[in-house]
Amino acid sequence: QVQLVESGGGLVQAGGSLRLSCAASGRTFRSYAMGWFRQAPGLEREFVAAISGSGGSTYYADSVKGRFTISRDNAKNPVYLQMNSLKPEDTAVYYCAAGNILTPRFNGYDYWGQGTQVTVSS
(Lines give C-alpha, C1' and ligand atoms only; values in the text may rest on other atoms or scores of the structure.)
Protein backbone atom coordinates (compact mmCIF):
# COMPACT_ATOMS: atom_id res chain seq x y z
CA GLN A 1 0.00 0.00 0.00
CA VAL A 2 1.26 3.46 -0.91
CA GLN A 3 -0.07 6.69 0.50
CA LEU A 4 0.64 9.95 -1.28
CA VAL A 5 0.43 13.49 0.08
CA GLU A 6 0.87 16.54 -2.12
CA SER A 7 1.98 19.96 -0.94
CA GLY A 8 3.22 23.25 -2.36
CA GLY A 9 0.15 24.53 -4.12
CA GLY A 10 -1.05 28.09 -3.80
CA LEU A 11 -1.83 31.34 -5.55
CA VAL A 12 0.72 32.83 -7.92
CA GLN A 13 0.71 35.49 -10.60
CA ALA A 14 1.12 34.60 -14.25
CA GLY A 15 4.78 34.15 -15.08
CA GLY A 16 5.59 33.00 -11.57
CA SER A 17 6.78 29.66 -10.25
CA LEU A 18 5.70 27.00 -7.79
CA ARG A 19 7.21 23.71 -6.72
CA LEU A 20 4.88 20.88 -5.82
CA SER A 21 6.01 17.99 -3.66
CA CYS A 22 4.55 14.52 -3.29
CA ALA A 23 5.55 12.52 -0.24
CA ALA A 24 4.98 8.80 -0.39
CA SER A 25 4.84 6.18 2.32
CA GLY A 26 5.99 2.63 1.76
CA ARG A 27 9.39 1.03 1.40
CA THR A 28 8.78 0.13 -2.25
CA PHE A 29 8.38 3.75 -3.29
CA ARG A 30 11.42 3.74 -5.55
CA SER A 31 9.99 0.89 -7.60
CA TYR A 32 7.00 2.95 -8.74
CA ALA A 33 6.68 5.27 -11.67
CA MET A 34 5.23 8.57 -10.49
CA GLY A 35 2.95 10.89 -12.35
CA TRP A 36 1.41 14.31 -11.95
CA PHE A 37 -2.07 15.00 -13.24
CA ARG A 38 -4.34 18.00 -12.96
CA GLN A 39 -8.03 18.71 -13.10
CA ALA A 40 -9.64 22.08 -13.67
CA PRO A 41 -13.31 22.70 -12.82
CA GLY A 42 -15.62 21.14 -15.37
CA LEU A 43 -12.78 19.40 -17.19
CA GLU A 44 -11.41 15.88 -17.19
CA ARG A 45 -8.28 14.97 -15.33
CA GLU A 46 -5.29 15.42 -17.62
CA PHE A 47 -1.75 14.17 -17.65
CA VAL A 48 1.02 16.62 -16.80
CA ALA A 49 4.28 14.71 -16.31
CA ALA A 50 5.67 11.35 -15.24
CA ILE A 51 8.98 9.91 -14.13
CA SER A 52 10.28 6.35 -13.97
CA GLY A 53 11.19 4.59 -10.74
CA SER A 54 14.89 5.23 -11.25
CA GLY A 55 14.31 8.80 -12.33
CA GLY A 56 16.08 8.14 -15.60
CA SER A 57 13.07 8.63 -17.86
CA THR A 58 10.57 11.44 -17.92
CA TYR A 59 7.51 12.24 -19.99
CA TYR A 60 5.65 15.54 -20.33
CA ALA A 61 2.42 16.79 -21.78
CA ASP A 62 3.02 19.14 -24.69
CA SER A 63 1.24 21.93 -22.82
CA VAL A 64 3.88 22.01 -20.06
CA LYS A 65 7.01 20.90 -21.92
CA GLY A 66 9.82 23.39 -21.38
CA ARG A 67 8.06 25.00 -18.40
CA PHE A 68 7.59 22.14 -15.91
CA THR A 69 10.20 19.71 -14.62
CA ILE A 70 9.48 16.50 -12.77
CA SER A 71 12.15 14.99 -10.53
CA ARG A 72 12.48 12.56 -7.68
CA ASP A 73 14.81 11.92 -4.80
CA ASN A 74 14.57 8.25 -3.93
CA ALA A 75 16.85 8.73 -0.94
CA LYS A 76 14.47 11.24 0.63
CA ASN A 77 11.23 10.02 -0.85
CA PRO A 78 9.52 12.99 -2.52
CA VAL A 79 8.65 13.57 -6.11
CA TYR A 80 8.71 17.18 -7.25
CA LEU A 81 7.05 19.18 -9.96
CA GLN A 82 8.83 22.46 -10.62
CA MET A 83 6.46 24.76 -12.47
CA ASN A 84 7.85 27.88 -14.13
CA SER A 85 6.31 30.49 -16.41
CA LEU A 86 2.89 29.65 -15.04
CA LYS A 87 -0.19 30.63 -17.03
CA PRO A 88 -3.80 31.13 -15.92
CA GLU A 89 -4.70 27.96 -17.83
CA ASP A 90 -2.46 26.00 -15.48
CA THR A 91 -5.00 26.62 -12.73
CA ALA A 92 -6.22 23.25 -11.44
CA VAL A 93 -6.04 20.76 -8.64
CA TYR A 94 -2.80 18.85 -9.07
CA TYR A 95 -2.59 15.19 -8.11
CA CYS A 96 0.37 12.87 -7.82
CA ALA A 97 0.00 9.20 -8.58
CA ALA A 98 2.05 6.01 -8.33
CA GLY A 99 1.97 3.07 -10.69
CA ASN A 100 3.95 0.22 -12.14
CA ILE A 101 4.58 1.68 -15.58
CA LEU A 102 5.57 5.04 -16.98
CA THR A 103 2.47 6.17 -18.81
CA PRO A 104 0.37 9.29 -19.46
CA ARG A 105 -2.82 7.28 -18.96
CA PHE A 106 -4.49 7.96 -15.64
CA ASN A 107 -5.77 4.39 -15.41
CA GLY A 108 -2.17 3.20 -15.39
CA TYR A 109 -1.74 4.44 -11.82
CA ASP A 110 -2.87 2.57 -8.76
CA TYR A 111 -2.42 5.12 -5.98
CA TRP A 112 -3.46 8.75 -5.83
CA GLY A 113 -3.02 11.66 -3.48
CA GLN A 114 -5.76 14.04 -2.39
CA GLY A 115 -4.55 16.89 -4.57
CA THR A 116 -3.26 20.41 -4.06
CA GLN A 117 -4.80 23.55 -5.55
CA VAL A 118 -2.77 25.72 -7.89
CA THR A 119 -4.27 29.04 -8.91
CA VAL A 120 -2.57 31.32 -11.41
CA SER A 121 -3.91 34.85 -11.62
CA SER A 122 -3.63 36.96 -14.76
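Below, each value reflects all heavy atoms present in this structure, side chains not excepted, and no hydrogens, waters or symmetry copies. What you are looking at is a predicted structure, and each value in this text was computed from that prediction instead of being measured.
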>> By the ring-ring contact (aromatic ring centres under 6.0 Å, His included) test, which pairs, at least two apart or in different chains, include something from residues 71-109?
In response: F37-Y109

Check side chain to side chain contact (heavy atoms under 4.5 Å, CB included) between [X] and all other residues, then give those that pass, not counting sequence neighbours.
| X | result |
| --- | --- |
| S7 | S21 |
| Y60 | A49, T58, V64, K65, T69, I70 |
| S85 | R67 |
| D110 | N100 |

[atom1]/[X] to [atom2]/[Y] distance, rounded to the nearest 0.5 angstrom?
| X | Y | atom1 | atom2 | value |
| --- | --- | --- | --- | --- |
| T116 | L18 | OG1 | CG | 9.0 Å |
| Q39 | E46 | CD | CD | 9.5 Å |
| Y59 | T103 | OH | OG1 | 7.5 Å |
| Q13 | S122 | CD | OG | 9.5 Å |
| S71 | M34 | OG | CE | 11.5 Å |

> For the hydrophobic clusters of this structure (ILVMFWY residues joined by side-chain heavy atoms under 4.5 Å, transitively), does one cluster hold both V118 and W112?
Replying inline: no

> Same cluster for Y111 and V93 if Ile/Leu/Val/Met/Phe/Trp/Tyr side chains link at under 4.5 Å?
Replying inline: no

Once side chain to side chain donor-acceptor pair (under 3.5 Å) is applied, do any residues pair with [X], and if so which ones, sequence neighbours excluded?
| X | value |
| --- | --- |
| N84 | S17, Q82 |
| Q114 | none |
| Q117 | T119 |
| Q3 | none |

Non-hydrogen atoms of [X] and [Y] that approach each other most closely:
| X | Y | value |
| --- | --- | --- |
| T91 | A40 | O-CB, 3.7 Å |
| I101 | G108 | CG1-O, 4.4 Å |
| S63 | R38 | OG-NH2, 3.6 Å |

>> Through direct or indirect side-chain contacts below 4.5 angstrom among Ile, Leu, Val, Met, Phe, Trp and Tyr, which residues connect to L102?
In response: none

> How does the hydrophobic cluster around V5 look, that is, which other residues are in it when side-chain heavy atoms under 4.5 Å mark a link?
Replying inline: none

>> Strictly distance-based, threshold 3.5 Å: is any side-chain N or O of R72 a donor or acceptor partner for the main-chain N or O of A33?
In response: no

> With sequence neighbours left out, what residues match F68 under ring pair (Phe, Tyr, Trp, His ring centres under 6.0 Å)?
Replying inline: none

>> I'd like to check L20 versus M83 (side-chain heavy atoms, cut-off strictly below 4.5 Å). Are they in contact?
In response: yes

